[in-house]
Amino acid sequence: MATLTRIPRFTTFRSKNANLFDLPRSRSKPLLFGKAIVAYLCTENKYTYDLVVLGGGSGGLAAAKEAVELGAKVAVLDYVTPTPLGTKWGLGGTCVNVGCIPKKLMHQAALLGEAVHEAVAFGWQIPDPSSISIDWCALKTAVQNHVKSVNWVTRVELRNKKVDYINALGYFKDQHTIAGVMKNGEEKLITAQNILIAVGGRPNYPDIPGAIEYGITSDDIFSLEQSPGKTLVVGAGYIGLECAGFLNGMGFDTTIMVRSIILRGFDQQMANIVAEEMAERGVHFVYEAKPKAIEKQADGRLLVHWVDKDGEVHQDVYDTVLFAIGRRALTKELKPENVGLKLVKESGKIDAVNEQTNVPNIFAVGDVLHKKPELTPVAIHAGKLLARRLYGNSTAKMDYTNVATTVFSPLEYGCVGLSEEQAIAMHGEEKIEVYHAYYKPTEFFVPQKNVKHCYVKVVALRHDDQRILGMHFIGPSAGEVIQGFAAALKCNLTFPMLKSTVGIHPTTAEEFTRVFITKRSGMDPTPQSCCS
Ligand code: FAD
Ligand code: NAP
């Protein structure tokens with residue numbers, strides 16, 4: 001039986017170096033006396049919190065909110081270290097502040113610019129559409145206003161749900177104690193039964209002269225004060241393609257510097273179609289090249305020296321250089337050595353099994369996990385399931401396979417499951433059937449938009465039940481298209497099932513229900529008629 005002792009709710013003790021505000025208390029079962037909630041100490045519970053979450057981003061917040069709903073007492077530490085340029089932001093993590101959300105809004109801004117020209121073809125009277133241009137400052141302000149409103153709603157939500165939010169940079173003191181360094185440098189100690197690492201990552205800079213002084217990353221672009229102008233984007237992953245896509249769509253002269261291949265890890269045929277489409281829209285590509293140095297010229301512009309595959313050095317001048325060369329997990333800063341937390345040497349990430357690290361009471365979700373998709377819904381899902389296992393008697397585990405994703409390149413690319421290369425590597429070419437088709441979206445005809453790169457591909461087993469292993473779609477609203485098919489794949493969709501699905505006409509998603517040409521047949525996958 002637990003012994004109950006009454007204590008004041010916010011008792012604070014000061015030690016020499018730390019502000020110890022963690023007198024043991026439990027809110028798991030608060031007792032109500034009249035209207036006042038009085039905190040009681042369950043002497044069996046040695047820690048202030050049941051769960052302390054390090055990182056108030058997608059995964060951390062999802063876990064914290066779920067845990068608190070299940071009766072746990074939870075605190076979230078979140079702290080944003082400013083970028084070299086000085087950019088910082090509020091609560092909510094990468095997705096909300098410098099990731100998915102501002103990116104999608106800028107992508108939308110670029111698509112709207114395109115739509116203005118299309119509108120003319122549909123009869124809209126727009127005086128001189130060729131003279132339209134983006135007001136970067138207005139766009140940036142609108143995007144940042146939205147971001148700030150989300151920061152605010154997130155804080156209110158945490159308060160309402162009674163999750164304690166602490167704006168501090170946390171690190172491990174011991175297995176149950178976190179030190180939080182506040183803005184003023186003061187350190188607070190917080191104890192918890194369980195600790196969840198959800199600190200995400202931050203963009204890398206290359207180790208070349210001028211990179212940190214003059215370069216920016218995705219952490220800066222969405223709140224950049226002045227219009228980016230002529231931009232060099234280094235890196236051809238998700239972020240490189242997406243940023244270059246919206247900048248080019250807004251009319252900025254944009255170049256992507258590709259070290260090796262486009263969209264490593266993705267189906268390479270699809271990746272190259274995305275790049276071809278971007279090139280036709282005006283994005284310049286410099287292949288097999290790496291930046292060597294950046295200098296600031298007297299006029300304030302940036303002189304970039306870069307090396308091609310033959311070692312030859314070239315130069316060009318840009319207004320902005322944006323590095324999109326991958327991200328580093330923020331695990332070193334946690335002082336993992338203090339608790340014996342193991343990191344994977346090559347990535348600095350955590351190789352957790354069912355989100356459990358090698359330390360029994362320390363868990364991890366989101367971008368800090370080794371070889372797991374760095375995507376917001378993945379972090380959220382894993383965080384929620386973990387909280388349910390810790391506090392809700394659940395046994396449901398996160399399934400990291402068949403996670404759908406979309407690259408918001410101007411013409412989007414959505415996919416779920418295996419790429420053609422992965423399917424062949426796993427099953428052998430003979431056992432795989434690849435169905436494919438080019439298609440013409442109905443809405444592209446009137447404005448005579450380029451249909452050359454609208455393409456779908458279905459990768460399936462050739463025999464047995466003809467289970468579908470991967471689906472790939474390039475076209476408008478690819479994310480919306482692929483989401484439903486991702487659910488079907490989870491339910492073990494087979495090719496016969498797909499073929500027996502009646503499409504919705506006239507949509508682009510219905511193209512998946514119409515594919516019948518196999519790559520093996522060598523038949524022409526381009527559409528024979530315009531709109532049947
Ligand atoms: P984060 O959301 O990064 O949150 C971690 C938080 O912890 C941050 O606030 C950080 O400041 C804080 N923190 C770090 N260290 C400490 C510490 N020691 N103490 C306290 N706080 C700390 N994903 C998608 O699904 N779709 C997209 O369209 C998409 N677009 C993206 C676009 C860009 C430009 C970028 C950069 C990412 C994008 N992502 C997208 C990826 C997505 O943002 C991440 O996968 C997701 O945010 C990861 O969530 P997380 O909880 O692991 O970490
Ligand atoms: P990324 O996808 O890993 O791509 C990094 C790119 O930079 C690669 O093209 C890589 O080339 C190149 N590169 C690496 N080091 C380099 C160097 N020193 N010099 C020049 N080029 C270099 O990383 P990211 O684009 O930064 O994205 C990080 C993660 O965020 C992604 O994995 C993704 O999960 C998430 N994200 C998701 C979305 C979305 O869902 N739409 C959008 C954005 C980001 P190599 O191929 O040669 O290594």
Side-chain angles (χ1 to χ4, degrees), residues 52-63 76-82 88-104 106-107 166-172 178-181 196-208 211 217-219 221-222 233-243 256-266 271 288-292 306 322-335 364-369 372-380 382-383 403-409 412-414 478-479:
V52 163
V53 179
L54 293 169
S58 307
L61 290 176
V76 171
L77 271 76
D78 189 66
Y79 190 87
V80 178
T81 308
K88 51 188 185 200
W89 51 89
L91 179 63
T94 303
C95 171
V96 164
N97 293 285
V98 287
C100 331
I101 301 303
K103 182 274 306 289
K104 184 83 190 289
M106 293 220 169
H107 172 60
I166 303 164
N167 185 204
L169 189 70
Y171 71 90
F172 287 106
I178 294 294
V181 185
L196 173 61
I197 302 170
V199 294
R202 292 292 286 270
N204 291 331
Y205 288 78
D207 187 13
I208 58 166
T217 68
S218 54
D219 281 356
I221 186 73
F222 305 111
V233 175
V234 183
Y238 273 96
I239 298 178
L241 291 196
E242 291 182 340
C243 291
I256 301 182
M257 189 166 282
V258 188
R259 180 170 71 172
S260 57
I261 55 170
I262 305 279
L263 288 175
R264 180 178 297 285
F266 284 85
E288 296 187 71
K290 277 194 298 189
K292 191 176 186 291
W306 53 273
L322 189 154
F323 294 112
I325 61 167
R327 296 166 64 80
R328 179 183 75 80
L330 296 175
T331 46
K332 259 195 339 223
E333 292 82 342
L334 297 174
K335 303 200 177 167
V365 295
D367 284 7
V368 290
L369 292 181
K372 297 287 188 290
E374 291 178 28
L375 297 169
T376 277
V378 171
I380 292 175
V403 172
T405 184
T406 289
V407 182
F408 293 93
S409 40
E412 299 170 9
Y413 167 34

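Numbers here are sequence positions counted from 1. Every number for a ligand or one of its atoms is a count from 1 in the order of the listing.
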Heavy atom under 4.0 Å from ligand 1: found in [X]'s side chain, backbone, both, or neither?
X	value
F408	side chain
S218	side chain
R327	side chain

**Message:** Check whether Y171 forms a cation-pi arrangement with K335 (NZ or CZ under 6.0 Å from the six-membered ring centre, at most 45° off the ring normal).
**Reply:**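 Verdict for Y171: a cation-pi partner in K335.
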**Request:** Show the numbers, then the answer: is there a side-chain contact (heavy atoms from CB on, under 4.5 Å) between V407 and E242?
**Result:** CA-CA 7 Å; V407 182; E242 291 182 340; 4.1 Å; yes
**Request:** Specify side chain, backbone, both or neither for K103, according to which of its non-hydrogen atoms lie closer than 4.0 Å to ligand 2.
**Result:**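 Within the 4.0 Å criterion, K103 contacts ligand 2 through side-chain atoms alone.
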May I ask which of [options] has a heavy atom nearer to [atom] than the others do?
atom	options	value
atom 21 (N) of ligand 2	I325, I262, I208, N204	I325
atom 45 (P) of ligand 2	S260, A404, G414	S260
atom 45 (O) of ligand 1	L54, I239, D367, L330	D367
atom 19 (N) of ligand 1	G57, G201, G170	G170
atom 3 (O) of ligand 1	V80, T94, L334	T94
atom 39 (N) of ligand 1	C95, G99, C100	C100

Closest non-hydrogen protein atom to [atom], residue and atom name please, with distance?
atom	answer
atom 6 (C) of ligand 1	D78 OD1, 3.4 Å
atom 35 (C) of ligand 2	E374 O, 3.2 Å
atom 38 (C) of ligand 2	Y238 CD2, 3.0 Å
atom 25 (O) of ligand 2	I239 N, 2.9 Å
atom 46 (O) of ligand 2	R264 NE, 2.8 Å
atom 20 (C) of ligand 1	A168 O, 3.4 Å
atom 34 (C) of ligand 1	V98 O, 3.5 Å
atom 51 (O) of ligand 1	G59 N, 2.8 Å
atom 3 (O) of ligand 2	G326 CA, 4.2 Å
atom 4 (O) of ligand 2	G237 CA, 3.4 Å
atom 16 (C) of ligand 1	V199 CG1, 3.5 Å
atom 11 (O) of ligand 1	Y79 O, 2.8 Å
atom 30 (N) of ligand 1	K103 NZ, 2.9 Å
atom 42 (C) of ligand 1	T376 OG1, 3.4 Å
atom 42 (C) of ligand 2	E242 OE1, 3.0 Å
atom 16 (C) of ligand 2	R259 NH1, 3.4 Å

**Item:** Shortest non-hydrogen separation from T217 to N204 and the atoms involved
**Value:**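 Taking T217 first and N204 second, the nearest heavy atoms are CG2-O, 4.4 Å.
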Within ligand 2, which atoms have a heavy atom of [X] less than 4.0 Å away?
X	value
R327	28 (C)
T406	39 (C), 40 (O), 41 (N)
T405	40 (O)

Side-chain donor or acceptor of [X] paired with backbone N/O of [Y] under 3.5 Å:
X	Y	answer
T406	F408	no
N97	G90	yes
R259	A236	no
D78	G56	yes

**Request:** Give a yes/no verdict on whether any heavy atom in A324 is under 4.0 Å from an atom of ligand 2.
**Result:**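 Judged by the 4.0 Å heavy-atom criterion, A324 does count as contacting ligand 2.
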Atom indices of ligand 1, in the order listed, that fall short of 4.0 Å to a heavy atom of [X]:
X	value
G366	52 (O)
G200	3 (O), 5 (C), 52 (O), 53 (O)
G93	2 (O), 4 (O), 8 (C), 9 (O)
P377	25 (O)

**Heteroatom proximity flag, P373 to ligand 2, N/O under 3.5 Å** =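 It does not: no N or O of P373 is found under 3.5 Å from an N or O of ligand 2.
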**Message:** Check this for me - ligand 1, L375, N or O atoms closer than 3.5 angstrom, yes or no?
**Reply:**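 There is such a contact, yes.
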**Prompt:** Hey, mind stepping through Y413 and F266 against ring-ring contact (aromatic ring centres under 6.0 Å, His included) and telling me if it holds?
**Reply:** CA-CA 10 Å; Y413 167 34; F266 284 85; 5.7 Å; yes
**Asked** Is the closest basic N to carboxylate O distance between R328 and E333 below 4.0 Å?
**Response**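 Result for this pair is yes, salt bridge flagged.
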**Prompt:** Does ligand 1 have an atom under 4.0 Å from some heavy atom of E374?
**Reply:**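 So E374 counts as touching ligand 1.
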